[in-house]
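Written out below as structure tokens is the structure these notes cover.
First listed ligand is number 1; within each ligand, the first listed atom is number 1. Below, each value reflects all heavy atoms present in this structure, side chains not excepted, and no hydrogens, waters or symmetry copies.
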Amino acid sequence: MLSLDVKLPKKEYKIYIGKSLFSESAELLRGFVEGKKVCIVSDTNVYPLYGKAVEEAVAKGGGEGFSLVVEAGEEAKSFKNLEYLCREIIRRDFTRSDVIIALGGGVVGDLTAFCASVVLRGVNLIQLPTTLLSQVDSSVGGKTAVNIPEGKNLVGSFYQPKMVIIDTDTLKTLPEREVACGMAEVIKYAAIRDEALYETLLSGSFEIEDVIAKCCSIKAGIVEKDELDKGERMLLNFGHTLGHAVENYTGYGTYSHGAAVAIGMCTITLWSERQGITKSGTYDKLKALCEKYNLPASIENLDKMTGAAMHDKKRSGSKISIVLVKDMGESYYEKVDVSLLDEIAREV
Ligand code: GLY
């Protein structure tokens, strides 16, 4: 088992990464759950696979557990489910020292973490992420959210977990499309911070635990410096602005989040290389890596997608942050006029 620390100014927590961790996590959980009520939140896909193992680990660790299961899918990140979770938790006489566990991918993680941050004004949260995307990104760093009709992730909070346990055996049951989706975020870390990770991914010869640990440690390092996303943390959005335009235009789910981000990363890098901002050859490296992991590097009609994106911001002529790589592993962000997105999409 690997472990690493996230050290924030006011709190610190551990991330554990390994095989078969859920069934063996009683000792990791004990310090948090012993003598406490423990609400395990999961979804209809994940609960049947890992719910019992986690319930047993909670019981073995001395906690009094119960599970709440929401419908799988993005729609679960709703105010309706938030209310459902809060009410069920309050009905069971929870106190602030009790514990909520998020068992699932990013949707369950974001919803549950938001619930943990608001119910009783904050109860202890443990993240047990089960998708590659949530293991390398959303379970670490404390962003929580639900969706509203006006957009995704528009209501939420920053709320750090007490611990993250990543059981890589869960990847064995993850559909290929979801593995590819998570790999886009892994590639993102290589592009923004770690040329050695790029070489590792290119070789294809690695233990997934090591790669996840590397991604979590890059993310932890960034979040430690900018927990509230006012500066350096924006680097984690490499490829995401164009990616969101793709997801929005094509309808969420048509392209996975990772596929859309891959298109975004490659497109902006092709553009920045043509501008002389990025070292020549970087786009080819990025494209080859995305394709190796079954991710697209481009899409037809991107100009229509950016044309439709960010209407309000365009009308007011406001600025957005974009992330650019200078070279593989070296990145920066800058504020630009929102119309640059259209220019990028037209020119590539
Ligand atoms: N997923 C990007 C962040 O946590 O800031």
May I ask you to check whether over 12 heavy atoms, not counting those of Lys37, lie within 6.0 Å of atom NZ?
yes
Against ligand 1, does Asp229 come closer than 4.0 Å with any heavy atom?
no
Specify the protein heavy atom at minimum distance from atom 4 (O) of ligand 1: its residue, its atom name, and the distance to 0.1 Å.
Lys219 NZ, 2.6 Å
Give yes or no for whether the N/O distance cutoff of 3.5 Å, strictly under, is met between Asn237 and ligand 1.
no
Testing the 3.5 Å rule here: is there a donor-acceptor pair between the side chains of Ser205 and Ser203?
no
Is it possible for you to check whether Lys214 lies under 6.0 Å from the centre of the six-membered ring of Tyr189, through NZ or CZ, and within 45° of that ring's axis?
no
I'd like to know if the side chain of Asp43 reaches the main chain of Val46, judged simply by a donor and an acceptor atom lying under 3.5 Å from each other, with no hydrogens or angles considered.
yes
Enumerated ligand 1 atoms positioned under 4.0 Å from heavy atoms of Asp137:
1 (N), 2 (C), 4 (O)
Please confirm whether Lys188 comes within less than 3.5 Å of ligand 1 when only nitrogen or oxygen atoms on both sides are compared.
no
Between His240 and the options Glu185, Glu247, Lys188, the side chain to side chain donor-acceptor pair (under 3.5 Å) test singles out Glu185
shortest atom 5 (O) of ligand 1-to-protein heavy-atom contact is with Arg233 NE, 2.7 Å
Below 4.0 Å from any atom of ligand 1, is there a heavy atom belonging to Glu185?
no
Grouping I, L, V, M, F, W and Y whenever their side-chain heavy atoms are under 4.5 Å apart, do Ile15 and Tyr50 come out in a common cluster?
no
